[in-house]
Amino acid sequence: MKETVVSGIRSTGKLHLGNYYGAVKNFVQMQNDYNCYFFIADLHSLTTHPTPADLHGNIKHVLVEYLASGIDPENSTIYIQSDVPEIAELYLYLNMNAYMGELERSTSFKDKVRANPDNVNAGLLTYPVLMAADILIHKATKVPVGKDQEQHLEMARTFGNRFNRLYNTEYFPEPYAFSYSDKLVKVPGLDGKGKMGKSEGEANAVYLSDDPETIRKKVMRAVSDGGPTEENQPKPEPIQNLFDLMKVVSSADTHAHFEDLYNKMQIRYGDFKKQLAEDMIIATAPMRERIQDIAKDDSYLRQVAKHGALKARESAQKTIREVRSLIGFKSF
């Protein structure tokens, strides 16, 4: 029996380099070796209150880009979260055993409260519970997640183990972070502050579908500084972020060349950014072409979504039947 892998990406817009190198590239590599469930997290995206038109369009973006990145619907189960209502049912059961204090201590919840004090909704508070339901519904043991999601994964283990203790069972296995690379990848953004993300604005992220000229403009406008003032000095965060991006998309020789120039105080950021932009364009070119082709084929996208929902529900329905029995729900 192959081990089960589950992961998903929120449908809040187009996928960017952070999504690809932090998650989707791993998905493509592992789909032949594991029983993989890759979903589009449209329920999670409701915390930001998208319009109906935006919600549907964003789901399509992620579905198209999953396929363009190389995820094979025959080898993996690709599905839309809301097409599997059993996830919402398990979310309800797990919420009954999740405590306010532990949810309020979640780092991501505290970050969201600071960033959006006027939209502190219950969905944000219980986000880790829904994520746990996503994982536990298929009894996954491996979860390819970014560095920022490790605390949520720890909470998923907590909720699964708590269910097991409460109902005196060994039903849910413990899920752990998983990567084909040596360590979890965190892809920085272009704003000089932190990871690449959609919520930080268009200029912070390079999208898989961005055309070459757009990529060049974004990278040339990336935050930098006046340059090093002494040899071998530590890099400030915005500069380290750009070097980390180069490490992801460029060759080791290219990265080493610019490291050397920086350490010798000879770096010209214009040349550095031009090289970084061209390497990003080369890295995204194959996917950009496939995105354009797949996006036109609505019948194929419908077929993939329907096929994935059937496969995902087969697994989810079995879990819910067994969970209901363990809790004590029985028919008269």
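- Looking at every heavy atom in both residues, Ala316 comes nearest to Glu86 through CB-CB, 3.7 Å.
- In this structure, the side chain to side chain donor-acceptor pair (under 3.5 Å) partners of Glu213, at least two apart in sequence or on a different chain, are Arg216.
- Looking only at side-chain heavy atoms (C-beta outward), Ile135 and Met131 come within less than 4.5 Å of each other.
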Could you give me the CA-CA distance, side-chain angles and deciding distance for Ser224 and Lys273, then say whether side chain to side chain contact (heavy atoms under 4.5 Å, CB included) is met?
CA-CA 10 Å; Ser224 55; Lys273 288 180 178 180; 3.4 Å; yes
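- Counting heavy atoms from C-beta outward, Ile327 and Phe163 have side chains that approach closer than 4.5 Å.
- No donor-acceptor pair closer than 3.5 Å links the side chain of Asp297 to the backbone N or O of Ile294.
- Under the side chain to side chain donor-acceptor pair (under 3.5 Å) criterion, Asp298 pairs with Lys60, not counting sequence neighbours.
- The pair Arg114-Asp111 meets the salt-bridge criterion, with a side-chain N (NZ, NE, NH1 or NH2) lying under 4.0 Å from an Asp/Glu carboxylate O.
- For CD of Glu174, the number of neighbouring non-hydrogen atoms (other residues, nucleotides, ligands) closer than 6.0 Å is greater than 12.
- Applying the side chain to side chain donor-acceptor pair (under 3.5 Å) rule to Tyr171 yields the partners Glu322; only residues at least two apart in sequence or on another chain are considered.
- Pairs passing the salt bridge (Lys or Arg N to Asp or Glu O under 4.0 Å) check and including a residue from residues 154-167, sequence neighbours excluded, read Glu102-Arg162.
- Taking a 6.0 Å sphere around NZ of Lys142, one finds it holds more than 12 heavy atoms contributed by other residues, nucleotides or ligands.
- Judged as a side chain to side chain contact (heavy atoms under 4.5 Å, CB included), and not counting sequence neighbours, the contacts of Asn35 are Lys2, Thr4, Tyr37.
- Val62 and Tyr300 end up in the same hydrophobic cluster when Ile, Leu, Val, Met, Phe, Trp and Tyr side chains are linked at under 4.5 Å.
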Which is it for Arg290 and Met287 under the side chain to side chain contact (heavy atoms under 4.5 Å, CB included) test, yes or no, and what are the steps along the way?
CA-CA 5 Å; Arg290 289 197 294 269; Met287 286 173 285; 3.7 Å; yes
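- The side chain to side chain donor-acceptor pair (under 3.5 Å) check on Glu89 picks up Tyr93, Arg324, with sequence neighbours excluded.
- With ring centers used as reference points, Phe178 lies under 6.0 Å from Tyr34.
- Residues Ile215 and Val223 are members of separate hydrophobic clusters, defined by side-chain heavy-atom contacts under 4.5 angstrom among Ile, Leu, Val, Met, Phe, Trp and Tyr.
- Here the side chain of Lys218 pairs a donor or acceptor atom with the backbone of Ala205 at under 3.5 angstrom.
- Rounding to the nearest 0.5 angstrom, the gap separating the NE2 atom in His138 from the CG atom in Leu136 is 10.5 Å.
- You'll find the side chain of Lys112 stays beyond 4.5 Å of the side chain of Asn119, heavy atoms only.
- The same ILVMFWY cluster, assembled from side-chain heavy atoms under 4.5 Å apart, contains both Met96 and Tyr167.
- Minimum heavy-atom separation, Ala312 to Val84: CB-CG2, 3.8 Å.
- Heavy-atom minimum distance, Asn241 versus Gly189: CB-O, 4.3 Å.
- Here the side chains of Asn204 and Lys193 are not in contact, with every heavy-atom distance at 4.5 Å or above.
- Proximity of Tyr20 to Val187: side-chain heavy atoms (C-beta onward) are nowhere separated by under 4.5 Å.
- Taken from CG in Leu15 to CD1 in Ile291, the straight-line distance is 7.5 Å, to the nearest 0.5 Å.
- Taking OG1 from Thr254 and NE2 from His257, the interatomic distance works out to 8.0 Å, rounded to the nearest 0.5 Å.
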Start with the C-alpha gap between Phe172 and Val323, add the side-chain angles, then the distance that decides, and say whether side chain to side chain contact (heavy atoms under 4.5 Å, CB included) holds.
CA-CA 10 Å; Phe172 288 121; Val323 163; 3.7 Å; yes
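- Neither side chain, Asp42 nor Ser11, offers a donor N or O lying under 3.5 Å from an acceptor on the other.
- With hydrogens and angles disregarded, no donor-acceptor distance shorter than 3.5 Å links the side chain of Gln31 to the backbone of Ser76.
- Between Ala309 and Tyr79, the shortest heavy-atom distance links the atoms N-CB, 4.1 Å.
- Neither Tyr176 nor Met30 shares a network with the other; the hydrophobic side chains, linked directly or stepwise wherever heavy atoms of I, L, V, M, F, W or Y lie under 4.5 Å apart, form separate groups for each.
- Two different hydrophobic clusters hold Tyr127 and Leu125 under the rule that ILVMFWY side chains link at heavy-atom gaps under 4.5 Å.
- Not one N or O on the side chain of Asn116 forms a donor-acceptor pair closer than 3.5 Å with the backbone of Asp118.
- The shortest non-hydrogen separation linking Gly308 to Thr77 is O-CG2, 3.5 Å.
- Counting heavy atoms of neighbouring residues, nucleotides and ligands inside a 6.0 Å radius, atom NE2 of His56 does not exceed 12 of them.
- Distance CG/Leu92 to CD1/Ile87: 14.0 Å, rounded to 0.5 Å.
- When all heavy atoms are compared, the tightest approach of Leu67 to Pro73 is CD2-CD, 3.8 Å.
- Side chain of Asn263 to backbone of Glu259: a donor-acceptor contact under 3.5 angstrom is found.
- Thr214 and Tyr207 share no donor-acceptor pair across their side chains, judged by distance under 3.5 Å alone.
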Apply side chain to side chain contact (heavy atoms under 4.5 Å, CB included) to residues Glu65 and Val24 and explain how you reach the verdict.
CA-CA 9 Å; Glu65 289 165 6; Val24 179; over 6 Å; no
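- For Ser250 (side chain) and His255 (main-chain N/O), no donor-acceptor pair under 3.5 Å exists by modelled atom type.
- You'll find the side chain of Ile281 reaches within 4.5 Å of the side chain of Arg288, heavy atoms only.
- The CG atom of Leu90 sits 9.0 Å away from atom CG of Asp134, with the distance rounded to the nearest 0.5 Å.
- Taking 4.5 Å as the limit, some side-chain heavy atom of Leu245 sits within range of a side-chain heavy atom of Leu190.
- Distance alone, capped at 3.5 Å, places no donor-acceptor pair between the Thr141 side chain and the Glu3 backbone.
- The structure places CG of Asn75 at 5.0 Å from CG of Asn32, a figure rounded to the nearest 0.5 Å.
- Looking at Met155 and Leu103, their side chains come closer than 4.5 Å, going by heavy atoms from C-beta outward.
- Under 3.5 Å, the side chains of Gln275 and Asp271 contain no donor-acceptor pair of N or O atoms.
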